[in-house]
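First the structure, in the form of structure tokens, and then the observations on it.
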Protein chains: 2
Amino acid sequence: MARHQEVLIALRQIIRATDLYSRKLSKVAGLTAPQLLILQAIDAHGEMTMGDIATEVSVSQATVTVILDRLEKRALIERKRGERDKRRVYASLTHAGRDIMERAPTPLQEEFMARFSHLEDWEQSLILSSLQRVAAMMNAGDIDASPVLDLGAIDRAQPASEGLRRHGSNNHSTQTDQK
Amino acid sequence: MARHQEVLIALRQIIRATDLYSRKLSKVAGLTAPQLLILQAIDAHGEMTMGDIATEVSVSQATVTVILDRLEKRALIERKRGERDKRRVYASLTHAGRDIMERAPTPLQEEFMARFSHLEDWEQSLILSSLQRVAAMMNAGDIDASPVLDLGAIDRAQPASEGLRRHGSNNHSTQTDQK
DNA sequence: GCTTAAAGTTTAGATGTCAAAATAGTTTAC
DNA sequence: GTAAACTATTTTGACATCTAAACTTTAAGC
């Protein structure tokens, strides 16, 4: 089988496993992974606008709106219209929201975490930087030169997430809206 | 930032990039990634039942049914009830289906593929095996021992996809159905 | 032969996800 | 100061995806 074919299969398995875990999490903790992620983001930053959240957790605003609708319906978050700028909407945790969030397990599978943490340090780095390289290569639409392609990159494990967002031309900018 | 946190971010970016590409593909080729994947699977195997397809592309049968509904509505595939065993339904490509499939780009981003293929051979292996390890660690629910955890594994790049399916106890078996 | 269990497929109901359109509010330009 | 341009959020419409339940056959028991 061609290598890229294998890459594709591995990716699909990862994506599926992630999705399945989210559902399992939802049963156990009453929160899906994205819901938990958003709650955590709000907890970490205090009040946040939709746009902030979207950028923070890497989804579109539309998605944030939908998810917050559900969280609000369950009284886990509150929305408050901005006073200074009424276009903005600020979300904050309710007591119940903080509560449920704190009792929920991590958004990454525990088995995975356990296994991952058992690896040697260099192996963890290796895996992390491989993932970051894949992410970078995929988002590559808006990477000007190709610093990610030079060989040394593999063992530097620098935070690619930052590096990517920096070039926010259009690809994953969540609110590009170039109509 | 904790390493597992970074892993999580990288994964989310990969998943999102994959999804976004699927949508782009859909505009360009009229097929989303999963639709294309299913078409390719059917093309490769000839007639297939829902269950076969589900196993092959790693999704649940329900998903296959839904996607085939859409493909059938567009006359890209045909369904045929089994004669011997009428519970089964066989899907096969129509002429139009083979056509559109062959004209579509790959289900993996072209930019990614281009970049990936520019890497040194050993780097490709490294990335592939990292992905496979992550997939394995995630699906780990039904892996008996832990061959994936021993250190040598990282540079062997053996087809984990096979290795995983082999233990098909329940985790991703697509039809567990323990009611 | 009828009843029950098993197997395969489909349907129903939930989420997450996005792009594009609609809405509402702010700024800027003249 | 009003119109045009811009910005933030929500709504709409479409997919993909899963689990659980329902349905359709087939196979097995008695």
Side-chain angles (χ1 to χ4, degrees), chain A residues 12 15-27 30-38 48-55 57-73 79-91 170-179, chain B residues 12 15-27 30-38 48-55 57-73 79 81-91 171-179:
Chain A
R12 288 203 65 76
I15 291 172
R16 184 164 199 230
T18 302
D19 183 45
L20 293 181
Y21 176 68
S22 175
R23 288 165 206 276
K24 185 174 152 198
L25 183 66
S26 160
K27 272 193 195 164
L31 290 175
T32 62
Q35 288 171 353
L36 178 54
L37 243 27
I38 286 181
M48 289 181 89
T49 66
M50 303 297 116
D52 291 344
I53 297 175
T55 305
V57 303
S58 268
V59 296
S60 75
Q61 284 162 317
T63 302
V64 174
T65 295
V66 172
I67 296 178
L68 284 198
D69 283 348
R70 284 193 256 273
L71 294 178
E72 189 176 28
K73 201 175 298 172
R79 277 168 159 133
K80 200 181 62 184
R81 260 240 106 99
E83 292 178 4
R84 184 183 224 84
D85 183 340
K86 293 208 188 91
R87 288 169 306 181
R88 288 157 179 276
V89 173
Y90 295 90
N170 57 46
N171 210 2
H172 58 308
S173 65
T174 74
Q175 61 206 38
T176 320
D177 202 76
Q178 67 290 45
K179 59 148 164 276
Chain B
R12 287 202 66 77
I15 291 173
R16 183 162 198 232
T18 301
D19 184 45
L20 292 181
Y21 177 68
S22 175
R23 287 166 207 273
K24 185 173 152 197
L25 183 66
S26 159
K27 276 194 192 166
L31 290 173
T32 62
Q35 288 172 353
L36 178 53
L37 242 26
I38 286 182
M48 292 181 87
T49 65
M50 305 297 115
D52 291 343
I53 298 175
T55 305
V57 303
S58 270
V59 296
S60 76
Q61 286 161 321
T63 302
V64 174
T65 296
V66 173
I67 295 178
L68 284 197
D69 283 347
R70 285 193 258 273
L71 293 177
E72 188 174 29
K73 200 176 301 173
R79 279 169 159 130
R81 202 105 220 169
E83 292 178 5
R84 184 181 225 84
D85 182 341
K86 293 211 186 88
R87 289 170 303 184
R88 288 158 177 275
V89 174
Y90 295 91
N171 209 2
H172 58 306
S173 66
T174 76
Q175 61 204 39
T176 318
D177 202 79
Q178 67 289 48
K179 59 144 168 280

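All of these numbers come straight from a predicted model, not from anything done at the bench.
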* **Nearest-angstrom distance from the residue atom CG of Asp52(B) to P of dG8(C)** => 10 Å

Please list each protein N or O that sits under 3.5 Å from an N or O in nucleotides 24-28 of chain C, with the distance.
residue	atom	partner	partner atom	Å
dG25(C)	N2	Arg87(A)	NH1	3.0
dT26(C)	OP1	Lys86(A)	N	3.1

* Between Lys80(A) (NZ) and dA8(D) (P), how many Å, whole number? -> 18 Å

* Which is true for Ser26(B) with a 4.0 Å heavy-atom rule: it touches a base, it touches only sugar-phosphate, or it touches nothing? -> nothing

* Could you grab the distance from atom OG1 of Thr18(A) to atom CD1 of Ile15(B), nearest 0.5 Å is fine? => 4.0 Å

* **Cationic N near anionic O, under 4.0 Å, Arg23(B) to Asp19(B)** => yes

* To do: Could you tell me the separation between the NZ atom of Lys27(A) and the C1' atom of dT15(C), rounded to a whole number of Å?
  => 14 Å

Give each protein N/O atom lying under 3.5 Å from an N/O atom of nucleotides 11-16 of chain D, with the pair distance.
residue	atom	partner	partner atom	Å
dA16(D)	OP1	Thr32(B)	OG1	2.0
dA16(D)	OP1	Gln35(B)	NE2	3.2
dA16(D)	OP2	Gln35(B)	NE2	3.2
dA16(D)	OP2	Arg70(B)	NE	2.7
dA16(D)	OP2	Arg70(B)	NH2	3.2

* Structure fact -> Between CG of Leu37(A) and P of dG16(C) the distance, given in whole Å, is 11 Å

* Structure fact -> Here the distance between atom C1' of dA19(C) and atom OH of Tyr21(B), to the nearest Å, is 18 Å

* Heavy-atom check, side chain of Ser60(A) versus side chain of Arg16(B), under 4.5 Å -> yes

* To do: Side chain of Leu20(A) only, please: which of dC18(D), dT10(D), dA19(C) is the nearest?
  => dC18(D)

* Structure fact -> Between Leu68(A) and Arg79(A) the two heavy atoms that sit nearest each other are CB-NH2, 3.5 Å

* When rounded to the nearest 0.5 angstrom, what distance separates CG in Leu37(B) from CD1 in Ile53(B)? -> 11.0 Å

* Any side-chain heavy-atom pair from Val59(A) and Ile67(A) closer than 4.5 angstrom? -> no

* Nearest to the side chain of Arg88(A), which nucleotide is it out of dT9(D), dT10(C), dC18(C)? -> dT9(D)

* Arg70(A): partners by salt bridge (charged side-chain N to carboxylate O under 4.0 Å, His left out), with sequence neighbours left out -> none

* **Atom-to-atom span, CD1 of Ile53(A) to C1' of dT10(D) - whole angstrom** => 14 Å

* Find the distance Met50(B):CE to dT25(D):C1' and express it as a whole number of Å. => 16 Å

* Can a side chain N or O of Lys24(B) be found less than 4.0 Å away from OP1 or OP2 on dT17(C)? -> no

* Thr49(B) and Asp52(B): CA distance, side-chain angles, deciding distance, side chain to side chain donor-acceptor pair (under 3.5 Å) verdict -> CA-CA 5 Å; Thr49(B) 65; Asp52(B) 291 343; 3.2 Å; yes

* Asked: Quick one: Leu36(A) CG to dG16(C) C1', roughly how many Å, whole number?
  -> 15 Å

* To do: For Arg12(A) and Val57(B), work out which heavy atoms get closest and say how close.
  => NE-O, 3.3 Å

